[in-house]
Amino acid sequence: MSSSVQHERLYRLLVSSMLPIVAVPLMLKAAELRPVHVFLAAFVPAALAAVYLRLRPRAVYMVDYACFCPSPGLRVPFAAFQEHASTCVDERSLRFMVRLLERSGLGEETCLPDAQHYIPPERDLGSSRDEAELVVFSAIDDLLAKTKVSGEDIDILVVNCSLFAPTPSFADMVVSRYKLREDVRSVHLAGMGCSAGLISVELARNLLQVAPGGSNALVVSTETITRNYYTGKERAMLLPNCLFRMGGAAVLLSTRGRNARFRLAHVVRTLTGAKDSAYRCVYQEEDDRGNVGINLSKDLMVTAGDALTANITAMGPLVLPASEQLLFALSFVARKVVSSSRIKPYIPDFRTAFEHFCIHAGGRAVIDELQRSLRLSDEQVEASRMTLHRFGNTSSSSLWYELAYIEAKGRMRKGDRVWMIGIGSGFKCNSAAWECIHPAPVAADGPWATCVHRYPIDVPDVLKH
């Protein structure tokens, strides 16, 4: 007889002997209790447990996500960009835009909507709708195919597009196309800038808390740029022409964890718009000739740094290990006791809390600033730089292209933690923490399927073409 079998028999003997010893005194004691005591002893714990289960926040999961992958025919190499821009802006502005583009970190494969491939580019309402439908419907189609979810299964719909808000709204456009139910809760967020994707995630999470258990929320993030090409002479308003490219993403969230790929751990939002300088840092306005564009302040990086500092201060206690929190607290106290100018603030090492970082691919300067502030390695910001090079600044959807890059490289593991950081007008810095449950197969389809083997690549400070 094996030792394991002997141990098992001995364990059963002990259990069978202990049950009468424990159960008999309890039964005798219960016989002395009044019925009301027995009722309270059983009812109160059960009631408290029911209240706790009812009031505690539900876990929210990301079932899957999909990114719009533009066709090769929409590529805009530098030469084509320069040729088309020459029909819209004067020679001085064109030279300035070319210099910006050479230093932007963008590659030759970024894409612009079909309307901007005409000479001169088209900027009408119909062309803008065509771009929106192409990007949004393509991403949603891919997502529904991956998750095997139909339109009737969608309970909540949140769509964000900052600069294009037609009537009917984007949310109505999705409802009409996919025949969503009449009781679907739909919202369109406009004017929220490049960090709106995480605002949409938080809104969907909050709505899922009050929806029936197992509900599904569809989140769509995009930016329509057909009508937002600036044709004036203000240099501060020409930069978006060089950075923004077409893109979009669709994400399915649910309170049902079955088949989910990520769990949403935290969302932290920081808004610094009470300061006039932060509020006007990214500002849509007309120039003196009536041309509408986005004015990017020269203080953009300073404002972004301040917003990031406030955001990581709020995120730190939620995710950092105790050792990092202690060092941060000691630094804070020391700066209060001693002159703050003599002691540098301690920046926690968030590499102890996250394995992967998705930093908004707003531009080379944005990535450089966040890498410096968070003390990240080149590999940890690789997804952001390569996304900027391959797809450009796709506004609120850029974070999902970065997550797709990490997965396409086969770097995601079960249990890995991901930090998404988005910054945008307002001025806002929003972040979300995710935990991986099931990594995607390396061979999975996605925006990087045909090109990830070529990355990472070295992006020179000045691209010669």
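For this chain, numbers begin at 1 and follow the sequence in order. Just so you know, these numbers come straight off a predicted model, no measurement behind them.
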**OP:** Determine which pairs satisfy side chain to side chain donor-acceptor pair (under 3.5 Å) with at least one residue from residues 184-196, sequence neighbours left out, and list them in order.
**Re:** S195-N430
**OP:** Write out all pairs satisfying side chain to side chain donor-acceptor pair (under 3.5 Å) with one or both partners inside residues 419-429, taking only residues at least two apart or from two chains.
**Re:** W419-S431
Subject >> Verdict with supporting geometry, F170 and V220, side-chain contact (heavy atoms from CB on, under 4.5 Å) >> reply: CA-CA 9 Å; F170 273 49; V220 182; over 6 Å; no
Is [Y] close to [X] at the side-chain level, that is, under 4.5 Å between some pair of heavy atoms?
X    : Y    : answer
D416 : H356 : yes
T352 : L320 : yes
M62  : L252 : no
Q209 : P57  : yes
P240 : Y230 : no
S398 : W400 : no
I359 : L376 : yes
I421 : C429 : yes

Original post:
Centre of F427's six-membered ring, under 6.0 Å away, within 45 degrees of the axis: is that where NZ or CZ of K275 sits?
Top reply: no
Check: [X] side chain, [Y] main-chain N or O, donor-acceptor pair, under 3.5 Å:
X    : Y    : value
S297 : C281 : no
E324 : P321 : no
K146 : Y65  : yes
N393 : G362 : yes
T222 : G247 : yes
N311 : V268 : yes
R103 : R99  : yes
S176 : M173 : no
T226 : R123 : no
R390 : G107 : no

Have [X] and [Y] got a donor and an acceptor in their side chains that come within less than 3.5 Å?
X    : Y    : result
T387 : E402 : no
S150 : D153 : yes
N160 : S200 : yes
E131 : S128 : no
E382 : Y405 : yes

Which atom of [X] lies closest to which atom of [Y], heavy atoms considered:
X    : Y    : answer
G105 : V459 : CA-CG1, 3.9 Å
L134 : S138 : O-OG, 2.6 Å
A260 : Y61  : CB-CB, 3.5 Å
P447 : F391 : O-CZ, 3.5 Å
L388 : S104 : CD2-O, 3.5 Å
I423 : A304 : CD1-CB, 4.1 Å

Gap separating the [atom1] atom of [X] from the [atom2] atom of [Y], nearest 0.5 angstrom:
X    : Y    : atom1 : atom2 : result
T303 : L308 : OG1   : CG    : 12.5 Å
L189 : S162 : CG    : OG    : 10.0 Å
L157 : N216 : CG    : CG    : 12.0 Å
I199 : M192 : CD1   : CE    : 3.5 Å
L243 : L238 : CG    : CG    : 11.5 Å
M301 : L296 : CE    : CG    : 9.0 Å

Are the charged groups of [X] and [Y] less than 4.0 angstrom apart, N to O?
X    : Y    : answer
R245 : E109 : no
D378 : R385 : no
R261 : E407 : yes
E108 : R75  : no
E435 : R417 : no

Subject >> Criterion salt bridge (charged side-chain N to carboxylate O under 4.0 Å, His left out) on R181 and E152, from CA distance to verdict >> reply: CA-CA 6 Å; R181 302 194 316 265; E152 293 183 353; over 6 Å; no
**OP:** Return each pair, listed once, that meets salt bridge (Lys or Arg N to Asp or Glu O under 4.0 Å) where at least one residue sits in residues 164-180; pairs must be two or more places apart or across chains.
**Re:** D141-R177
**OP:** Not counting sequence neighbours, list each pair that qualifies as a salt bridge (Lys or Arg N to Asp or Glu O under 4.0 Å) and has a residue in residues 297-313.
**Re:** none
**OP:** Please check if the distance between the ring centroids of Y401 and W448 is under 6.0 Å.
**Re:** no
**OP:** Evaluate the criterion side-chain contact (heavy atoms from CB on, under 4.5 Å) for residue pair T110 and M246; output intermediate values, then yes/no.
**Re:** CA-CA 8 Å; T110 63; M246 67 186 306; over 6 Å; no
**OP:** Show the numbers, then the answer: is there a side-chain contact (heavy atoms from CB on, under 4.5 Å) between I294 and N228?
**Re:** CA-CA 9 Å; I294 302 296; N228 297 292; over 6 Å; no
**OP:** Hey, can you tell me if Y283 and Y279 have their rings parallel, tilted or perpendicular (30° and 60° cut-offs)?
**Re:** perpendicular
Subject >> From CA spacing to verdict: side chain to side chain donor-acceptor pair (under 3.5 Å), T147, D64 >> reply: CA-CA 7 Å; T147 59; D64 216 327; over 6 Å; no
**OP:** Not counting sequence neighbours, which residues clear salt bridge (Lys or Arg N to Asp or Glu O under 4.0 Å) with E285? List them please.
**Re:** R280
**OP:** Could you list the residues that satisfy side-chain contact (heavy atoms from CB on, under 4.5 Å) with Y118, not counting sequence neighbours?
**Re:** D114, E122
